[in-house]
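Inspection log for the structure reproduced underneath, given as structure tokens.
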Amino acid sequence: EGVKHGTLKQYVATFKSFFKFLFNEGYLDKNPGALIRIRPQLLSMEQKEVRDRVPFTHNEYELILAYYMYEMKAAKRPITRNWARFWRCVVPLSYWTGLRLMDCASIERRSFLTPNDTMEHDRHGLACWTHKRNKRVFISFDDPLIGDNDLLEAVDVMRRITPWSERLLGAIPEDHPIHDPRMDHIFPVFKAKITHPTSRNQFSQRFGRTLKSLGIKGKSFHCLRHSCVSRLSAQGKTLDDIAVLVAHSNTKTTEGYLHV
């Protein structure tokens, strides 16, 4: 009771995945997950209302980044350092490029292009395929509105991460897809976590706790994407250019991200 519609959908996805696993493994004769659904007519207006996304101010962004940079150095436990390093990289990546959290977690080493890469000729930046729309986006680090020092420093940290250095890998079975040598992800463990319905909530919970400790209310990681779109628009980028950068199918969607 009182749970938001979006959160309920996450719960339903988790239960469906769990029951599907039990059914496929032979523990159940039928899959009860097929019967689980949300009845919107039973939800209150407050539950169905979508919260308006508010972009982070630049001061809030710098505060968040400073917090994770400090935690990355001060943390005593390896798992805490791994999480801090992850956030220290993806926060500027999303703030300056507008990438969603799942796309940030799925970055591969080959995504980073230099002037020597023949695929993009003399272009210097990041190429990736988005999860939501399966669209290829190229983000130029030579663009002064995108290639900020914070972003370039984060990219440098990501490039220096030793493959399979995360100690959490020991807990993941050898037949797990993240061990596929063709998929050379920067953050293989976090990629596995965020794409699994039972563990993806960890990201919003952890980031939310950080915001709460910093006194930032009513915002989430996705607000970094709103910050990027609003900033680019205020600095002269056209809606068409921004829509291509953030992989929107049309500019109507992009307009919903403007807060200027």
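Side chain of Ser213 to backbone of Thr210: a donor-acceptor contact under 3.5 angstrom is found. Side-chain N or O atoms of Asn134 include none that pairs as donor or acceptor with a backbone N or O of Trp129 at under 3.5 Å. Side chain of Ser230 to backbone of Leu258: no donor-acceptor contact under 3.5 angstrom is found. Using a distance-only test at 3.5 Å, with no hydrogens or angles considered, no donor-acceptor pair links the side chain of Ser227 to the main chain of Tyr95. At distances below 3.5 Å, not a single donor-acceptor pair connects side-chain atoms of Ser140 with backbone N or O atoms of Gly125. Arg81 places a side-chain N or O within 3.5 Å of a backbone atom of Ala75 that can act as its donor or acceptor partner. Remark: the backbone N or O of Thr253 is paired with a side-chain donor or acceptor of Asn250 at under 3.5 angstrom.
At a threshold of 4.5 Å between non-hydrogen side-chain atoms, the residues Asn82 and Phe187 do not count as touching. With a 4.5 Å cut-off on side-chain heavy atoms, Ser249 and Lys135 count as touching. The shortest side-chain heavy-atom distance between Leu126 and Leu93 falls under the 4.5 Å cut-off. For the pair Asp103/Val137, no side-chain contact is recorded, criterion being any heavy-atom separation below 4.5 Å from C-beta on. Between Lys9 and Val12 there is no side-chain heavy-atom pair separated by less than 4.5 Å. Using a 4.5 Å cut-off on side-chain heavy atoms (C-beta onward), Trp96 and Leu224 make no contact.
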Show which side-chain atoms of residues 23-32 pair as donor or acceptor with protein atoms under 3.5 Å away, not counting sequence neighbours.
residue	atom	partner	partner atom	Å
Asn24	ND2	Lys20	O	3.3
Asn31	OD1	Gly33	N	2.9

Validation: residues 234-244 side-chain donor-acceptor distances under 3.5 Å, sequence neighbours left out:
residue	atom	partner	partner atom	Å
Lys237	NZ	Asp143	OD2	2.7
Thr238	OG1	Asp241	N	3.2
Thr238	OG1	Asp241	OD2	3.1

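A distance of 7.0 Å separates CG in Asp184 from CD1 in Ile186, rounded to the nearest 0.5 Å. Between the CZ atom of Phe190 and the CG atom of Leu101 there is a distance of 10.5 Å, given to the nearest 0.5 Å. Between the CG atom in Leu245 and the CD1 atom in Ile146 there is a gap of 4.5 Å [rounded to 0.5 Å]. The SG atom of Cys128 sits 5.5 Å away from the CD1 atom of Ile139 when rounded to the nearest 0.5 Å. Rounding to the nearest 0.5 Å gives a distance of 9.5 Å between CZ of Arg209 and OG of Ser204. Rounded to the nearest 0.5 angstrom, Asn201 CG and Ile194 CD1 are separated by 10.5 Å.
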TODO: For side-chain contact (heavy atoms from CB on, under 4.5 Å), just list the numbers for Phe56 and Leu211, CA-CA rounded to whole Å, side-chain angles, deciding distance to a tenth of an Å, and then say yes or no.
DONE: CA-CA 11 Å; Phe56 288 99; Leu211 296 184; 3.9 Å; yes
- [ ] Please test Lys193 against Gln202 for side-chain contact (heavy atoms from CB on, under 4.5 Å), starting from the C-alpha separation and ending with a verdict.
- [x] CA-CA 8 Å; Lys193 284 179 175 291; Gln202 293 182 26; 3.7 Å; yes
TODO: List the steps and the verdict of side-chain contact (heavy atoms from CB on, under 4.5 Å) for Thr195 and Lys191.
DONE: CA-CA 6 Å; Thr195 53; Lys191 165 65 165 56; 4.0 Å; yes
Task: Steps toward side-chain contact (heavy atoms from CB on, under 4.5 Å) verdict (Asp156, Arg160) - done: CA-CA 6 Å; Asp156 184 59; Arg160 288 188 282 109; 3.0 Å; yes
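Residues Phe19 and Tyr11 share a hydrophobic cluster, clusters being chains of Ile/Leu/Val/Met/Phe/Trp/Tyr side chains in contact below 4.5 Å. Residues Val91 and Tyr70 are members of separate hydrophobic clusters, defined by side-chain heavy-atom contacts under 4.5 angstrom among Ile, Leu, Val, Met, Phe, Trp and Tyr. When the side chains of ILVMFWY residues are joined at heavy-atom separations under 4.5 Å, either directly or via intervening members, Ile38 and Phe18 end up in a single hydrophobic cluster.
Across all non-hydrogen atoms, the minimal contact from Val157 to Arg88 is CG2-NE, 3.9 Å. Between Ala154 and Pro92, the shortest heavy-atom distance links the atoms CB-CG, 3.6 Å. Taking both residues in full, the closest heavy atoms of Glu71 and Ala84 are given as OE1-CB, 3.7 Å, listed atom of the first, atom of the second, then distance. Closest approach of Ser106 and His131 over heavy atoms only: OG-NE2, 2.9 Å. Taking each heavy atom of Lys219 and Thr57 in turn, the nearest pair found is NZ-N, 4.1 Å.
By the ring pair (Phe, Tyr, Trp, His ring centres under 6.0 Å) test, His222 is found to be paired with His226, Tyr257, residues two or more places apart in sequence or in another chain being considered.
When each of Tyr67, Phe86, Trp87 is checked for a ring pair (Phe, Tyr, Trp, His ring centres under 6.0 Å) with Phe207, only Trp87 meets the rule.
Between Phe203 and Trp83, the distance separating the two ring centers is shorter than 6.0 angstrom.
There is a side-chain donor-acceptor pair under 3.5 Å between Asp150 and Tyr61.
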